[in-house]
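Since we're looking at a predicted model, the values are computed, not measured.
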Amino acid sequence: MEKGILSILFQRKSSSYLNFLSPLFQIGRNLDKYLCTLTDVSQVHEVKEINALFTTDVIASVAFGVLANSLEDPKGEFRRNGARVFQFNYRRALEFTAMFFVPQLVKPLHFKTFSSETSDFLRTAMTHVIKERMKSATHRNDLIDVLVNFVKEAQRDPTHFANDMDLVIGQAAIFFTAGFETSSATMSFSLYELAKRQDIQQRLRDEIRGVLQESSDGQPSYEQINEMKLLHNVILEVLRMYPPLPFLDRECTAAEGYSLKPYFDFTIPQGMPVYIPASAIQRDPQYFPNPDSFEPDRFNPDNKLHNNLMPSMPFGIGPHNCIGERFGLLQTKVGLINFFRNHYVTPCKETMPEMKLSPRAIIIQSDGGIYLNLVRDPLIKL
């Protein structure tokens, strides 16, 4: 059901897709303005939280038509409740582990994806937005429009899933949490690696500056963003090193099972869960030479002749890959463009020499935050 909703949302004509994404570009400029206010006060900042404010505003606006204003009010309800989902104490780590690996324990132990406070907030907010959209009869080509259509269908069909509003709200809640956390993490790991590799950061800033200077209004077009090769490669390399979900979960559906011959004399039976260690595969030197080294150029088209890039699967692979891949990449690109529009990052004394990941988080997170020097470039104003 979730896959179907997101398919409707993302698999749309180009012109409709651009209208759907138009608020993204304005929120990108808001990020640049917010960074300017931060550099007036201090240079050292925890960048993951900054990026989460940006992606929370994007998801709230683009998908729900709501102005969350997290960049103006970092302690606002949307950001506060979104952050609560990914605060991984041992209880939350146990809940998420059970959901993936021992789902039969979820109901008996009353495990939940969202806390009661977050569930109440999302239920109240989404119910209000859906009712207001139905009352106004406006259309924004966003997730709320899709959910409104389902609610209208349910009024004519008593068996429709949307007669249970919790199922409808659940779709919006999953989209909200998955949409802001994965992209903000990718932006943050990008800043961390670029801070350590000033040569690559300078090349990226030159690419961004060149595109912005060609733009009549200082805002790159959708086509220009997609043509930024180094930006694309940086994100792919970060996703290789830090895939948001470090494993893929699948289930064998073949009635006759799935044979692993000639590699192993074993057949995976129907119904057996299969877990693929994406993070380990993406750091295997068999597939990626110098796997722990940040090398965006390994994704250049010329190098694809020498590297088998199929083992890179940060969005999954096959028919069940992430349906939001295109949106996630674009959101991350717009965020990084505006982060480097007038600023750059360097390591500080709080910067970890080597990245340490949180052992409790299912969605990959740094252990203790990512602290960097945030510096405004005095020679540039774009």
Side-chain angles (χ1 to χ4, degrees), residues 18 21-45 47-48 50-51 53-55 57-58 71 183-239 241 294-303 326-348 351 370 372-382:
L18 290 179
L21 291 173
S22 59
L24 170 60
F25 301 112
Q26 179 56 52
I27 297 171
R29 296 305 297 267
N30 292 344
L31 172 62
D32 173 51
K33 295 176 183 177
Y34 179 67
L35 295 177
C36 289
T37 66
L38 294 181
T39 51
D40 286 337
V41 178
S42 172
Q43 279 196 330
V44 177
H45 294 279
V47 295
K48 174 59 169 62
I50 296 172
N51 294 327
L53 296 175
F54 162 72
T55 55
D57 278 356
V58 170
L71 287 166
S183 292
S184 63
T186 300
M187 287 177 62
S188 303
F189 288 123
S190 298
L191 294 173
Y192 171 77
E193 292 295 338
L194 290 167
K196 297 200 301 179
R197 289 293 304 272
Q198 291 292 314
D199 56 330
I200 299 177
Q201 183 178 169
Q202 187 58 53
R203 287 173 53 200
L204 178 60
R205 293 179 66 225
D206 290 342
E207 180 181 69
I208 292 172
R209 185 182 305 119
V211 171
L212 292 176
Q213 289 174 342
E214 291 177 2
S215 306
S216 58
D217 59 353
Q219 174 58 59
S221 67
Y222 178 73
E223 291 73 21
Q224 285 176 313
I225 292 174
N226 285 332
E227 291 170 1
M228 299 173 73
K229 301 302 181 186
L230 181 56
L231 176 61
H232 187 68
N233 288 351
V234 163
I235 294 172
L236 292 182
E237 177 69 340
V238 168
L239 288 171
M241 298 178 71
F294 178 65
E295 299 177 9
D297 289 338
R298 75 170 82 237
F299 285 93
N300 282 339
D302 292 344
N303 290 334
R326 184 164 64 138
F327 172 74
L329 286 173
L330 183 59
Q331 177 180 215
T332 302
K333 289 178 180 179
V334 170
L336 289 176
I337 287 170
N338 285 282
F339 211 107
F340 288 116
R341 177 186 288 268
N342 293 301
H343 299 82
Y344 60 92
V345 289
T346 62
C348 62
T351 304
I370 299 177
L372 299 171
N373 280 323
L374 173 62
V375 185
R376 188 189 309 181
D377 193 327
L379 301 179
I380 302 175
K381 183 60 179 176
L382 294 170

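Panel note: side chain Asn373, backbone Pro347; a donor-acceptor pair is recorded below 3.5 Å. Of the possible polar contacts, none joining the Arg376 side chain to the Asn342 backbone as a donor-acceptor pair under 3.5 Å is found. With Glu207 contributing its side chain and Leu231 its backbone, the two residues share a donor-acceptor pair below 3.5 Å. Between the side chain of Arg197 and the main chain of Phe294, a donor-acceptor pair closer than 3.5 Å is present.
The two residues Thr186 and Val238 make their nearest non-hydrogen contact at O-CG1, 3.7 Å.
When side chains are defined from C-beta on, Met241 counts as touching Glu193, because their heavy atoms get closer than 4.5 Å. In this structure, Val345 and Phe339 have side chains that are in contact, with non-hydrogen atoms separated by less than 4.5 Å. Under the 4.5 Å side-chain criterion, counting only non-hydrogen atoms from C-beta, Leu374 is in contact with Leu38. Leu330 has its side chain within reach of Val334: a pair of non-hydrogen atoms, C-beta onward, lies under 4.5 Å apart. The shortest side-chain heavy-atom distance between Asn338 and Phe54 does not fall under the 4.5 Å cut-off. Using a 4.5 Å heavy-atom cutoff, the side chains of Ile370 and Phe189 are in contact. Using a 4.5 Å heavy-atom threshold, the side chains of Tyr344 and Leu194 count as separate. Two residues are said to be in side-chain contact when any heavy atoms from C-beta on lie closer than 4.5 Å; Val211 and Ile337 fail this criterion.
Here the CG-CG distance, from Leu53 to Asp57, works out to 7.0 Å after rounding to the nearest 0.5 Å. Here the CG atom belonging to Leu204 is positioned 11.5 Å from the CG atom belonging to Asp199, to the nearest 0.5 angstrom. In this structure, CZ on Arg341 lies 12.0 Å from CZ on Arg209, to the nearest 0.5 angstrom. For the atom pair CG of Asn226 and NE2 of His232, the computed distance is 8.5 Å after rounding to the nearest 0.5 Å. Remark: Lys33 NZ to Leu71 CG distance equals 11.0 Å, nearest 0.5 Å. Going from atom OG1 of Thr37 over to atom CG of Asp32 covers 10.0 Å, rounded to the nearest 0.5 Å.
When Val375, Thr39, Leu31 are each tested for a side chain to side chain contact (heavy atoms under 4.5 Å, CB included) with His343, only one passes: Thr39.
With sequence neighbours left out, Ser183 forms a side chain to side chain contact (heavy atoms under 4.5 Å, CB included) with Thr55, Gln331, Thr332.
For the residue pair Asn233 and Asp297, no side-chain donor N or O sits within less than 3.5 Å of a side-chain acceptor on the partner.
By the 4.0 Å N-to-carboxylate-O rule, Arg203 lies too far from Asp206 to be salt-bridged with it.
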Steps toward side chain to side chain contact (heavy atoms under 4.5 Å, CB included) verdict (Ser215, Gln224): CA-CA 9 Å; Ser215 306; Gln224 285 176 313; 3.4 Å; yes
